[in-house]
Structure formats: C-alpha cells, structure tokens
Amino acid sequence: MNGQIKEAATNLQIALDHGIAEDEWERILSALGREPTPTELGIFSAMWNEHCSYKSSRVHLKKFPTSGPRVLQGPGENAGVVDIGDGLAVAFKMESHNHPSFIEPYQGAATGVGGILRDIFTMGARPVALMDSLRFGAPDHERTRYLVGGVVAGIAGYGNCIGVPTVGGETGFHPCYNGNILVNVMCAGLMKSDAIFRGTASGAGNPVIYVGAPTGRDGIHGASMASAGFDETASEKRPTVQVGDPFREKLLLEACLELMKKDAVIGIQDMGAAGLTSSAVEMAGRAGTGLILRLDDVPSREEGMTPYEFMLSESQERMLLVAGRGREGEVREIFERWDLPMAVVGEVTDDGRLRVESGGKSFVNLAVDILTDEAPMYKRPMKAERALPATDPLETLPSAEDLGPALLALLGHPGGGDKSPIWEQYDYMVRTNTLTSPGGDAALIRVKNTAKALAMTTDGNARYCMLDPHRGGMLAVAEAARNLSASGALPLAMTNCLNFGNPERPAVMAQFSGAIEGMTEACNALKVPVVSGNVSFYNETHGVDIYPTPIVGMVGLIEDAAKRTGTGFTREGDVIAILYPADEAPLPSAGAHEYVWVLAGREGGAPPSISLHSEAAVQTVCREAIGSGLLSSAHDLSDGGLGIALAESCLASPGSGLGGEVKIPDGEGRPDGHLFGEAASRILVSLAPESSEKLRDLAENNDVGYQEIGRTAEGHLRVESPDGRPYFELPMKDLLAAWKGALGGLL
Amino acid sequence: MQFAVIVFPGSNCDHDCYHAVAHVLGQPAKFVWHKERDLGGAEVIIVPGGFSYGDYLRAGAISRFSPVMKSVADHAAAGRPVIGICNGFQILTEAGLLPGALHRNTSLRFICKDVYVRCMTSRTPFTTEILPGETLRLPIAHGEGNYFCDAETFAEMEENDQIVFRYCDAEGTPSPEANPNGSLGHIAGICNTGGNVLGLMPHPERASEAALGGDDGLRLFQSTLSVTVS
Amino acid sequence: MAKAHVYITYKNGVLDPQGEAVKDALSSLGFQGVGDVRVGKYIEIEVEKSAPDEIRGEVEKMCQELLANPVIEDFRVEIPNGNNNPQPPKSEA
Amino acid sequence: MAKAHVYITYKNGVLDPQGEAVKDALSSLGFQGVGDVRVGKYIEIEVEKSAPDEIRGEVEKMCQELLANPVIEDFRVEIPNGNNNPQPPKSEA
Ligand SMILES: Nc1ncnc2c1ncn2[C@@H]1O[C@H](COP(=O)(O)OP(=O)(O)O)[C@@H](O)[C@H]1O
Ligand SMILES: [Mg+2]
C-alpha cells in the first residue's frame, strides 16, 4: 500500500540510532508487516520514547489516586482540572525541562515556561500563575553560577513578557546535580468549570488546523543525524536549540482563548515534545479516529524541509486544533487579527490511521493505536540499594554550646538563605491578584469576582528520597499539603515532576517505585488526588544518577481570602507555639539533616518518620485556627527544623524587625538535635495571648499537641534550653545580614 | 470620567489598568485596540505596561507606529490627560510625546519590587491630589527603566517643572541607593511641558487596593477626577 | 536580494551598562588589559533594491525611523561589496 | 590601546524572534521588499595588545568564553586596520 514512497529504506542500525531497541524494532516490523519509512521510523522513535510513551513508568503511575469529588479532569490530558466552586475551575500541571536547560540555560528554561503555559491554555484556562522548582549543583561548582543566572533570566524573560506572574517556587543546591540540573515549572490557570477543552480529534471530515509559529528545524534531536543519509542536503541541517518567542506566545494565548469562546473548536492540543507527531497522534488516539496531514500546507520558516523534519520539529509556540466543519473562516479571522499564521493542514478520518502526505506522495500510513495503546510498556527490574550510610551522622558532630553560629551558617547557605535575588527578577505581581510576594510557604492568588484565593506550592526533598524513597515520597506530599494548610488553604489536588536517574538501572527503578508508593499513601490519607504530572528519567552524568527527586506541585483553596496567614510574625508580645502530633514529643531530637549537611557535608540515617493520620489532624487544626482568625502567623517546620522556621518567621515580620524569646520544651537528646531536627507534621504559629486558650482547646479536640515555646520580641531572637541556659541570642540585624547574603556569589 | 486603555500586541498590564479604574475607582473605562483611531470620547488615556511587540529591538520602538498613536498624540496636543505606565512610558518617549529615552537597568536585570517615589509637582492631572514632597510606595517591574536624556534637556525639564517622581528612600530622600535602575537624576516619572502627559516606570495600577499590599497608586487615578474637563 | 549591515552603538556620553558588565566579566575571567567595551546592535537586512546607493538610502531611512533611537544611539550602514567610503556614524539629532 | 570589533549572530536555522518582529514592523511602516532581518550584537573592545594576530587570538578567546553562546550563536572578529582576510564565522561546535 506504500508503493509510492520514495524515501530510502530503514534498517535495524538506523532504528538503533533513533534510540529504538532491537526488540522494539522487531515489534515494528511485525506490526507493519514491512519496514517503516524513514518518517515513520522517526515517528516511532518519538512516540515510543520514554517522554511520550511513559514505557518504564506507566505500570507504577497507575497507583496514584486520580479521582475525587472535585476532579473534573485527571491525568491523560494536557493538564488536570479541579473544581473550585462558583462555576470556576483551576487547571494545572508541572513539567520538567532539565536537559535543555543544562545545555542552554536561558532558552532551555524559557521554552520550559512556554511549554507549560500552552498546556494550560490548551485546556481553555487563562494562565494566572507560574511556579518554578529548581535544583542546581554545588554552589561552588564551576558551572553553577552560569546555570543559575541563565535559568532565572530565562524564566523571567518568558514569564514576564507574556504577563503571567511567577509567584513562587523553590531553589536547592546539591552536588548530585552538578552535571544535570532540574528545572521544573508549574502553571495554573482559571477557567469556567463547564468549558473544558480537550485534545481530541473527533468527527470524520472535520478540518485539522495548524496555528502559531511557522515550523523550523528546531530541536530535531540526535535522531536527525541518523536521518541525514535519507537526503543529501540534510548534512548541513544540524539540529538546533529551540529559541522561545514569548511575544508570539502571548498572541497565541489571546487568540486561542478568544476562539474558545465560540463553539468552533472540537479539540485542541499544543505541540510540545515531538511536535506535530505527538499532537496529531495523541488527538487521534484519544478520539479513536485517524488523521490525514498534508505537509505542503504546514507553515514553515525554512527552505526544503523534509516530511521527517516537519513531523519531528520542536519549534515552539504552535498548536494543532480540530474545528467543526465549515468553521475554518472563523478560526482564520481570529488568528489573522492576532497576526498569527493559520492553515488547514488535514482532516479527521474514521479509519484509525495516521497518514502524512507531501507533494502528492504518502510518507506515513500507520495505525494510530500502534503508536499509543500498543506502545511498549516495561516492568523494569528493581533492586533497592543504599548509597548513603544508615547511621545518623549527627552523632559524628561535636555538640556546641553556642548554637548561634550554626544558625547563621544555615541561614547564610545558598539553599537556606534569602531567595529574593531570584524572585525579584520575576514579575510576580502582574494581573493584580498576587496576595503575598514569594518567600512564604505558599503562594496566594486571589480569584477576582469571588472571595476566594488559590494557594500553590512546590516541594520535594531529594535527600529524604535518597535515604528512603518510600518515606521520602510521603514526606514530599505531606510537606506540600502542610505548606498550603499553613497559609489557611485546603489542599485540593496535586501535580508532580518525577525526576529520576536511568530507569535501566534497577536501583533507580526501585527508587521510582518506592517514591510513588509513598506519595500514593500520602495522597490517599490527605485526600489529595493526582491530576497531572510528568516523568523525567535519565537524569545522570557519566553513569551517575541524580538523587531521586520527585517534586510535588499542589494547589489549595481558601474560601475567604481575608482568612489567611503569612509566615512572618506580625505583633510584638504574641505567643509562639508549635502544633504537633499529640502522641509524639513536641520536638524529638532526630534527623537534623540540613544542619549536618551544611556544617559537616555529611548525609545519612533515615528521614523523619511520619504518621499520616496525625499529619492530617495537625493540618486540619491549623486551617481551622486560621479560619477562625486565631493565628497571626503559621509556618511549617522543614529543612533546618525549628531553628530555621523561627528565624524565617522573624525575617518575614514587618521590616524583619520582630524576633522572639523562646525556650525549647523538655525532651531527650542533644540540644542541636532539638533545634535543627526535621520532625514532620509540625507547624510553628504565633497568636495573640488572648487566643491561646481557644487554640489549645481546638488542638485537644482534634488530638493535636499544642506547646507554647515563647513570645515574639522586638529586635532579637533568643533561644534557651529547657532549663533556661541560652543557646544563643542574636540581634535581628545579624540574622538579616547572614540570610540576605546567602545567594550573593551566585547572582 | 471616561478612561481608555490602549491595547498593543503584547500589552499585559491592560487588564490591570482597566480593573483599577473601572472596578476600584468605579469610572467608565474601555479598551482601545492599537489598530483603531477612534478614542471614543475618552477623557483620560492610559498607555499600559507590558511587553508590546515583545520589547523587541527596543521597548516601545515598534508600538509607536501603531495607528492609535496618532490619536493619542492629538489627545495630548489638545492638552488632555495621557498617562504612560512602564512600557507605556517607553512608548511615549519613543513617540516623542515625552523627552529622553529608557534603556537597560544598570544591573542588567529585570527588577520587580516595591519602591518609594517622591512626588515633585502637583501640576499634572495625575498628581493634583498629591502634594509635592509626599512619598508614595509603588511597585516597579521592568528591565529597561533607566531614564536618560542629554544635559540640556535635563536642565530644561528641571526648569519647566517636568520631573514628576523621583526614586527615594522611605523618608522621601532621593539617593543612589534608592534608585533601582540607575536613571538620571533618580527620575521615576516625567511630564511634557504642558504637564498633561505623564510617563512613569512604577505601576500605580498595581498599588490600587489595600488587599494587594497598598493603595498609594490609586491616588494618581483619583487625581484625574478633580480635573475639570473642558 | 541584497544585504545591508547596520551597526547601532550608544552615543558618546551615554552610559553603557552592558559594556561595563562585559568589561568586568572579562577581567574576572583573567583577560588582562581590557579597556573600554561597548555593546551595540548588529542588524543584517535583506532588501530588494540592488544599487548600493539606493540600498544605503533605504536602510538609513529605516535606521532613522525605527532601528535606532537618536536620543541615545548612533548608527552606521554598510553595504557588503558596495561602496563603503568611510562614513561618520549618523544620528538624527 | 587597539580596537577589535566583534559581530555575534544567531546560527543559521535558529529562530530570531527579534529579527522577525523588526521585519514585520519595517513592512508595516511601508518599506517594500524587505527580506530576512537578523538582529545580533556588535561589540567594540579595546585591548592592550598591538599585533593584529595577538589581538585576534585574544578576542576570539573572549568570544568563546564569554561573549558568544556557542550553542546558538556564531561570532566573527575584525581588527580595524588589521589583516582582515575574510574569515568564516566561527563557533565551537
Ligand atoms: N526559584 C524560585 N522562584 C520563585 N520563588 C522562589 C524560588 N526559590 C525560592 N522561592 C521563594 O522563597 C521561598 C523559600 O525558598 P526555599 O528555601 O528554596 O523553599 P522552601 O521553603 O519551600 O524549602 C519559597 O517558598 C518561595 O516562595
Ligand atoms: Mg516551605
């Protein structure tokens, strides 16, 4: 049936060069009953690779809970959608752009932002907020400075231009990322809950329409080198790094949202990884239909592009949509007004096949389901391995009398210090909805025309996952939910980026599986379904994998935006207290991980233990207390334990002027273990003394511990032992100076 | 008072300005697409911030050729109020409605944060209700806010009372430390000789509601209400 | 299509923050004896005209109207393989 | 002090959004027959060296290390009044 195809032949070697394994090649041959054409081979390589097929991860991802009363759209679409009441919904998703950002930090990060924005407005939502979760190598590694500067400028360059505020994120440093940084970007958008658009190509005869930037040879990856043999002129067409055009994307965003107000659109999907190939195949796959694409009609910006190149180009700022028959004119009219290319490039068919034609010839004729449902799926071997010592390295550290220097060291470390040199490069206020500047536990965005606010956070602790993937996974979800609860928000649902090493290594798959199981347990216990997500494997350099780094992005809802708290102390003389699980000590001396890392460069032991039941109770109490107006501030304990949480609450007070006087509650273990230990399920709160009775009652009624530890005070932070011996007393200006200077050398 | 917010391809503070005047101030407002020429009888023109044409080549360089700019120029020439905010300020200088130019911040970085500005004159329609010497807290968000003009122009502007806002510290004292972008004379905003056209880098529309952390910016829009429209 | 090259530089007396930053960065990378550094724009334009003088006229007009801002920038147009008798940088002011 | 001129342009095939926007603007300003427009950087550097070859060597090193981004950009160095036998643009790749 493909008699007229004139491309060169393909063979096993070319398939291997495309990253297709030998058994996968056999599978293709037996499915087709012939050799694939070069363009078909390119399509297989794109659709069957890890990024599109999730072939190593699918069996594990199935474990996540994905439904709930508010879930309008779970995983499988461009983004998840969750109902927030009042006829509104929030669409959100997180994506990684790790490898491109390491090669070209500015453009890699910028196009990462562009990609996730398209995922959101494809759903019919207007993007309202971006968050970025970043991991760099050691602060003193030779490339770190360059990468930090480039990535941050790239996120700023794209997000600021398009006018979506970047409202929060996280930034971490660890030598395991020296050769493979992580750039994960999350976007949330608002939409009407009854106007969700999906990536489906239904209705035979409906036109397939290409809108957005013309196609060039951008990002046709290593595979294209193998294709050079197919065409003599291909040799000088080297693959190129994608450059983002945020201005064009802004136009695309406005044009798409305007078009979606009409009922002309049947399905729409952005062209992300594997561009035209994946958008066409996935849209047909979801609808159970077929597609014909006529490449001669695809707008292009370079001469002489081959079908192979058209199908695999990753040029940015493009979308594919299916419109109702006869509605082409309306689509054209809108895109012309926004000065954007628009072209009818094919139509929907009912034979379940993807056909690609050019110059009157057929270059592709494949059953869609071979590319989607029948893509390979692997149960890769797993074998847990422990790479870090099992003993808690705290014991190897001499215990100091004066804990002040340790606190200053933690605050002055790039991972623990002030991140404003990063987020002040982001326009975090555009759209006038941002209720708190970045720097707190959760970012808060008001929802205009309602009393509501959305809360958002990203969290992940690779060290915990390295020490114990299962517990690390639980802790990541619990911390994200806790960050939302500490701002007064009810966690609704989550997305994730699962950044792992090479899945062909059993130790990596064991980490992956363990982390997912832990996350799943926490999702179930905290009633937070997973509605979207992304897997990034092969994060490795020279055969060494990064620490397993699942990043959780979570969205919560505050019904009345006036009832919220920040992390900073607000008033002198307020009571400082801790909410904690009632059946545990307020501050067990355990796992002072960040402290030992910063002071001694050692890691080991176990991540903090966690009871999900108690975690849920602590969060409920915190939210209710905020809802009843009892709290002045709330801040969860995480890296650096109570010591860092206290310091951060002081630093986030007005003018960083409020400190506190605190006595550590009685308990077993070392003083530094109490102060810097990273016990889970704890929230540091401050409140007016008149409110303490009520909070104590609320906590008791919910089986939650409430322990007062001191008072806020002007100008200094003093912490003493249970018997009144001072651990340190530091003027706020010293804390501020250490904290402010932390990123100094890097930006 | 009828407001018009001009929308260029890439403008992204258009809705914020609209929100501030229509929903917070409660005045009639409408958007005017850059290809239109009819300002529809608007009394006050807002050229909003954002990245018109992506800030490509130079911020504001391409927008100034939009058809609507002729109408804006006529409006200005008639002595009626025009305010250019951030990218709007850049567009007004490129269009020659205000003197000077805005180039890259000395830090070479985009900067988003709250700053203080000192009001230098009440003579513009946007500062009638603000006393000279008063300090406002307003957000900035720009990469090219570094104001420049030649010495002669600067002297003329001082002479003609055209410097409307200067970056200052919380106490109201202009200083290099309080100047976020290296602008000449700590200039944050200027007006034309007639006083009716104001350009400024800070975003008053983002500081128009206490819920967002401050409402000093609203006073610029409020001021226009006391201007008698002829 | 013929090509024209446009060079846009800051005027004397206008501070060039990017140039300063590059200079500092070069020194800290260990390059010695780096003097002034000025960063400008270099634009390549294809035009349909073919006579060098016509091209120059057209492109200079483009510079005056759009490509350069006369308040802070000078420009210079070169026609590769054309008549490029040294010309002083131009500006409208 | 001697001067060197550096021209930095996007590699062939790399999208130049700025160039596209300028091209569209020129057309809508009424300039006819404008083809490709590419916007790059033009850098003037003063160095202490004086032998043209030495200057070129030094400045090319600066380009490789700092001034150009070899992943997406090519660069070209010219020494005014030096030996400028036409040289192809360079990149590290
Ligand atoms: N890359 C970033 N982008 C935006 N905001 C950031 C970024 N990094 C840090 N922040 C802000 O600073 C706060 C503290 O940063 P960090 O210490 O890395 O996170 P966390 O407290 O979640 O461990 C974050 O909650 C966030 O609001
Ligand atoms: Mg936190």
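The shown structure was predicted, so the numbers you read here are calculated from the model rather than taken from an experiment. Letters go in sequence order (proteins before strands), and every chain restarts at 1.
When heavy atoms are compared at a cutoff of 4.5 Å, A:Gln107 approaches chain D solely by way of its side chain, counted from C-beta outward.
A:Ser315 places none of its side-chain heavy atoms less than 4.5 Å from the side chain of D:Leu15.
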CA sep, side-chain torsions, deciding dist, call: D:Glu20, A:Arg301, salt bridge (charged side-chain N to carboxylate O under 4.0 Å, His left out): CA-CA 11 Å; D:Glu20 306 264 321; A:Arg301 71 161 210 275; 5.4 Å; no
Determine, step by step, whether D:Tyr10 and A:Val243 satisfy the side chain to side chain contact (heavy atoms under 4.5 Å, CB included) criterion, reporting the C-alpha distance in whole Å, the side-chain angles of both residues, the deciding distance to 0.1 Å, and the verdict. CA-CA 10 Å; D:Tyr10 275 129; A:Val243 168; 4.3 Å; yes
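When all heavy atoms of D:Pro17 and A:Gly244 are compared, the pair lying nearest together is CG-O, 3.7 Å.
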